[in-house]
Amino acid sequence: MTRTFRARFDGKVLIPEEPVDLPAGQVVELRFDTPAPAVSKDSCEHVRPLAQLADWIQSGSIPPAGEPPSDLARNYRHYLYGHPKVDQE
């Protein structure tokens with residue numbers, strides 16, 4: 001049976017955020033997801049192009065610094081998510 005619950009790690013053990021109905025000594029298998037760290041707009045260089053793109057879309061105008069990058073279609077993952085740029089083929 002699969003059950004999901006949230007827990008906090010205190011540096012040594014996982015502490016459930018809600019009661020867990022398990023007998024003492026029960027062995028369980030854990031699989032977990034960690035949330036992505038919060039990123040401030042100024043702390044990562046790849047976030048700025050995304051913010052600029054959002055501003056351009058909202059304003060409906062030509063980007064203030066001229067044309068968007070010529071490789072925007074090829075490297076949208078770079079501009080949106082910070083992935084490495086793809087070289088031109």
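In what follows, residues are counted from 1 in the order of the sequence shown. Remember, predicted model here, so these are calculated numbers, not experimental data.
Of all heavy-atom pairs spanning R3 and L22, the tightest one is NH2-CD2, 3.0 Å. K85 and D71 make their closest contact through NZ-OD2, 3.6 Å (heavy atoms, listed as atom of the first residue, atom of the second, distance).
Contact check for D21 versus Q26: no side-chain heavy atoms found under the 4.5 Å cut-off.
From L72, atom CG reaches atom CG of L80 across 7.5 Å, with rounding to the nearest 0.5 Å.
Under a 4.5 Å side-chain heavy-atom cut-off, the cluster of Ile, Leu, Val, Met, Phe, Trp and Tyr residues that includes I15 is completed by V13.
E17 is linked by a side-chain contact (heavy atoms from CB on, under 4.5 Å) to R6, R8, counting only residues two or more places apart in sequence or in another chain. For the salt bridge (Lys or Arg N to Asp or Glu O under 4.0 Å) test, residues two or more places apart in sequence or in another chain that qualify with E29 are R31.
With hydrogens and angles disregarded, a donor-acceptor distance shorter than 3.5 Å links the side chain of H78 to the backbone of H83.
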